[in-house]
Each structure stands twice: as structure tokens, then as C-alpha cells.
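It should be emphasised that the depicted structure is a prediction, and the values quoted were computed from it without experimental measurement.
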Amino acid sequence: MKLILAGLLLGVLFAFSSASVYSQTRPMELPLYEGPVPNEVAGKNEEHLEVRPNKSQSITKVRTPTLTVFLPAQGKANGTAVVICPGGGYAKLAFSHEGTDVARKFAEQGVAAFVLKYRLPDATVSSKPEVAPLQDAQRALLVVRQRAKEWGVNPERVGIMGFSAGGHLASTAGTHFTQAQVANPQNLSVKPDFMLLLYPVISGDSAMSHKGSFSNLLGKKPTAEKLREYSNERQVTAQTPPAFLVHASDDKTVPVHNSLVFYQALLQHNIPAELHLYQRGGHGFGLNNKTTKDDWFASCLHWLDSNSLLGGTRK
């Protein structure tokens, strides 16, 4: 009898322990590609992680792209997923405050979040450096859709998010989706279902361009044709996915006009969009614009919900 009771007690403790572990948000870093990385140039892995005194992380010299997975707690998932592209001027990745910090916040709200460690444009890493970030963004969307059932995701509610130059990558994924830049044998969509753009680099127009991002992406002397191709306000069509944008008017790094022209292009094509402009905040504030009590993340969730992107009813 004692053995039976002991066994039952152990079973209860094991079940409780397992449930507790399962309910925690435990990130998993996965290789983005199962086989060779597209257009890879052989070379030494020089990837470098810098951890600052405030514990923020930045990554440079990415050779092997990955996807870090943050799944909601058991019973909390709403089926929505977002691929997050950290910023860094296409020279580095602000991996924590524009990546993992945001992913944890989404997972707490029932949204599966995937932080993309994407290749930066670098001829020593890729034979097609300007295409490498987009390849990785498209591959991330495909991976999430391929494993949607496993991760509790609705494959028709997979969006993309980007900060600064990561916002340029996210908006590129949202405007350059008619052709897959990666292998896609299942013929899944590489189009994100929505875009969340935080102080994004958008335009190559010299009047508002973040020259460092475009120089890193396209070289120091890009042609007018290339600048136009990657000026994403010029690539908006009636098929572009809905977008939520946030920017500060006093942003001295990426002028607010980047968000304004993208928003105007979306309106011209009748694409659902919402733009939040702060009077102050500068550039790179991540989750917390310390100049205001307003919470853009809460507004983002409201916007997703109002567009039936959290599983709710359109309002």
C-alpha cells in the first residue's frame, strides 16, 4: 500500500513539475536552414556577440542564421506568430532590446515570437550580399508556416516585425514577396500576413534616407535603379499586407518621413494601416519610449485584434 501511495505521489509531483516547465517561456535557438546556407561563401566563422554593462546584446558577422523560438505558455496561445528582425543599420543586430525582449513580451500575450538572427550584407559571407537578409526573412516565414501545427500557430496569421534597418528588412519582405529567394518545394507563401514597423528605414531618397543602412545593403555607390527597388514606399501594391508603424518625430537617425511616406503609400492602395507618432523619443527606444507614458506595444496588440489578427472578431 505504501509503495502504491509513493508511486501516486511521485506521479503527481512529476505531472506538476512537467506542467510547470511546459508553462515557462523557454527560448530555443534553431538553425534557420536544414542544409547549406544559400549563396554561402566559404570562410571562417567570425560571428561576435557583444554584451554591454546593461546586459544588452549585439551581434556582428553572422554567418549561420538562426531562429530563436519563444512559445506562449500552455493554454495561452492565440495562434498568431511574428518573426522579429532586430535593427542595427545592416552592420549589426541589436539582438536583445529589439529582439528577445520583444519576443518575451509577445509570448506573454499568447503570440508565438521568433527572433531572426539574419545574415548581414557581406561579400565574405554571401555571393549575393544584398539578397541575403531577405532570403533569411523569407526562410523564417516558411519555417514558421511549415511547423505551424507543432508550434500552435495559424499559418494564415504569421507576421513580420522590424526595428530600424530591421524595419527595412521587414518592409522588404512585405513588398518583395512575389518571388521566393529561397527553396520552397511546398510552394508556401513567403508573404507576411502583417507588418509591425518600429522607426523603420524605408526609403533610399537622399532627403530622408538612412545612408548607412543603404550603403551597407547596396554598396557605397548604388545605382538609381537599385535605390528605387529597395525604396519600399515605391513597392507598395494592393497586395501589400496591413501594417502598424511607430516613429518619433525627433528621430535624428532615421527621419520620421520614412514612416510617413510608407503610410501614405499604404493609404493610396487601401491597405489597412495605423501610424503612431511620438513628439519625442529619438531613435532606438525599443519597447519603452521613456518620454511618454503611452505604451505602443499595447496599441499594437489592440491593432492586431481590431484586424482579426489575434483570432478575435473584426471591429
Side-chain angles (χ1 to χ4, degrees), residues 82-95 97-99 102 115-116 118 120-121 130 133-134 136-138 140-141 159-177 191-218 227-236 240-269 271-278 281-287 289 296-297 299-300 303-304:
V82 61
V83 172
I84 302 173
C85 307
Y90 283 125
K92 62 181 179 180
L93 302 179
F95 203 72
H97 91 283
E98 293 177 353
V102 184
V115 184
L116 177 61
Y118 57 92
L120 300 159
E130 76 178 60
L134 179 57
D136 294 350
Q138 289 188 346
L141 292 166
I160 195 162
M161 180 181 209
F163 295 77
S164 192
H168 184 264
L169 175 55
S171 64
T172 302
T175 54
H176 294 66
F177 52 78
K191 173 184 173 180
D193 294 303
F194 57 87
M195 298 178 288
L196 308 176
L197 307 176
L198 279 293
Y199 37 88
V201 175
I202 294 289
S203 181
D205 186 331
S206 60
M208 68 185 84
S209 171
H210 181 247
K211 293 180 175 59
S213 292
F214 274 87
S215 177
N216 288 330
L217 181 65
L218 302 177
L227 285 173
R228 182 181 180 87
E229 179 183 351
Y230 286 95
S231 290
N232 291 332
E233 81 278 13
R234 296 176 177 269
Q235 308 305 324
V236 174
T240 301
F244 177 88
L245 299 101
V246 178
H247 220 121
S249 297
D250 66 348
D251 191 331
K252 304 299 182 186
T253 303
V254 178
V256 68
H257 299 85
N258 282 267
S259 284
L260 292 174
V261 295
F262 197 67
Y263 178 70
Q264 289 173 335
L266 293 168
L267 290 185
Q268 288 170 4
H269 289 85
I271 305 300
E274 189 163 302
L275 170 62
H276 289 247
L277 294 180
Y278 290 116
H283 188 74
F285 48 77
L287 278 170
N289 182 350
W296 68 258
F297 187 84
S299 297
C300 177
W303 177 80
L304 287 168

Before we go on, tell me: are the rings of H276 and F244 under 6.0 Å apart, centre to centre?
yes
Could you pull out the closest heavy-atom pair between Q138 and H176, with the gap in Å?
NE2-O, 3.4 Å
Do S164 and L198 have side-chain heavy atoms sitting under 4.5 Å apart?
no
Flag the pair P121 / P133 as yes when at least one side-chain heavy-atom distance between them is below 4.5 Å, and no otherwise.
yes
Could you name each residue pair satisfying side-chain hydrogen bond (donor to acceptor under 3.5 Å, both in side chains) that touches residues 245-257, not counting sequence neighbours?
H247-D251, H247-S259, D251-H283
If the condition is side chain to side chain contact (heavy atoms under 4.5 Å, CB included), which residues does N289 pass it with, not counting sequence neighbours?
Y278, F285, T291, T292
Could you pull out the closest heavy-atom pair between W303 and A273, with the gap in Å?
NE1-C, 4.3 Å
Donor-acceptor pair, side chain of Y230 and main chain of T172, under 3.5 angstrom:
no
Testing L275, I271, V261 for side chain to side chain contact (heavy atoms under 4.5 Å, CB included) with L266, which one passes?
I271
Please examine the side chains of W296 and L287, heavy atoms only from C-beta on, and report whether any two atoms are closer than 4.5 Å.
yes
For Q268 and Y263, what are the C-alpha separation, side-chain angles and deciding distance, and is it a side-chain hydrogen bond (donor to acceptor under 3.5 Å, both in side chains)?
CA-CA 9 Å; Q268 288 170 4; Y263 178 70; over 6 Å; no
Enumerate the side-chain hydrogen bond (donor to acceptor under 3.5 Å, both in side chains) contacts for residues 85-94, please, sequence neighbours excluded, ordered by first and then second residue.
Y90-H168
Are the side chains of S171 and F262 in contact, using a 4.5 Å heavy-atom criterion?
yes
